[in-house]
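Below is one structure, written out as structure tokens; comments come after it.
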Amino acid sequence: MQALHDQGFVLLRGVLSPSLVDEVRAAIDQLMPIHWDYTGLVDHYKCVLNRNPIWLPYLDLPGVIELAEAGMGEDCHVIGQTAWRCHPGFIGADLHADYLAMELPSSLLEDPTFELPMQICTAQLYLDEITEDLCPTLVIPGSHRAGRKPLEGETSWRGQQAQPVLCQPGDVLFLRSELWHAGSRNRTRDRTRYLLQVHYGRRMVAQKFSPYLDWQFNPAVLDACTPRQRRLLGDHESAEYD
Ligand SMILES: O=C(O)CCC(=O)C(=O)O
């Protein structure tokens, strides 16, 4: 939690065992594009949580879910779960922040007694050894306190360039939505980066379950849920606006 407040991210080592890493990779290989998914140099499968109960355990992984609940409340929920394959030639993305609840003055953000509350965080489960040439996620430590998103073409903040997160299969990068970050190029000739993301939000943050109006929960998934997983999928106690 301290790292999330100070740096805007934390790298959790060895969350998935090698056999689970293999299982998730194989499950990603079985995915077929539906709805708003796309394939090409990057294959991007959204809301995999609704396709099959096999994705449920990754919503509340020990060591990760505690962090999500500590940061976004005991009633936080999952707003998406996305599987990726980034193939050789994938060009990566520009530096960005996923979500900024509001722009805030620097006088407040520079005040060490002010703690910026988290609204949305993402757990990135790496399923490969991430080397400099295999799409490392780039991050600028502390940039969650910039109070704004990066401008087009901006590649540094306060003189700091984005740095690659190099890690092992089974490691999890947990990052706040305000952090300036980017997925980077796949410069290898023959390796594909496999990634599973789980996006968590405070309860009042809307779930991004596309294609929205046509969304229906898969009964097989609901049947297989633990009570905590049901809550993470949106089965909350009644509250304001219900
Ligand atoms: O590909 C990555 O490592 C980062 C993904 C990312 O930037 C995002 O989903 O917003």
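Order of appearance sets the numbers: ligands from 1, and atoms from 1 within every ligand.
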- Item | For atom 9 (O) of ligand 1, closest protein heavy-atom neighbour | Q197 NE2, 3.0 Å
- Query: Looking only at N/O atoms, are H181 and ligand 1 under 3.5 Å apart anywhere?
  - Reply: yes
- Message: Between E115 and R176, is the salt bridge (charged side-chain N to carboxylate O under 4.0 Å, His left out) condition met? List the steps.
- Response: CA-CA 13 Å; E115 204 165 73; R176 306 174 53 130; over 6 Å; no
- Message: Give the atom numbers and elements of ligand 1 that come within less than 4.0 Å of a heavy atom of D98.
- Response: 10 (O)
- Looking only at protein heavy atoms, which one is nearest to atom 3 (O) of ligand 1, and how far off is it? T137 OG1, 2.6 Å
- Would you mind checking if E69 and R231 are paired as a salt bridge, meaning a charged N to carboxylate O distance below 4.0 Å? yes
- Pick, from R193, Q124, H96, H199, the option with the minimum heavy-atom distance to atom 4 (C) of ligand 1. Q124
- Query: What part of T82 sits under 4.0 Å from ligand 1 if we count only heavy atoms: the side chain, the backbone, both or neither?
  - Reply: neither
- Is there a donor in the side chain of S177 and an acceptor in the side chain of Q119, or the other way round, less than 3.5 Å apart? no
- is_close_aromatic(Y38, W36), centroid dist under 6.0 Å: no
- Answer yes when D60 and R230 have at least one side-chain N-carboxylate O distance shorter than 4.0 Å, and no when they do not. no
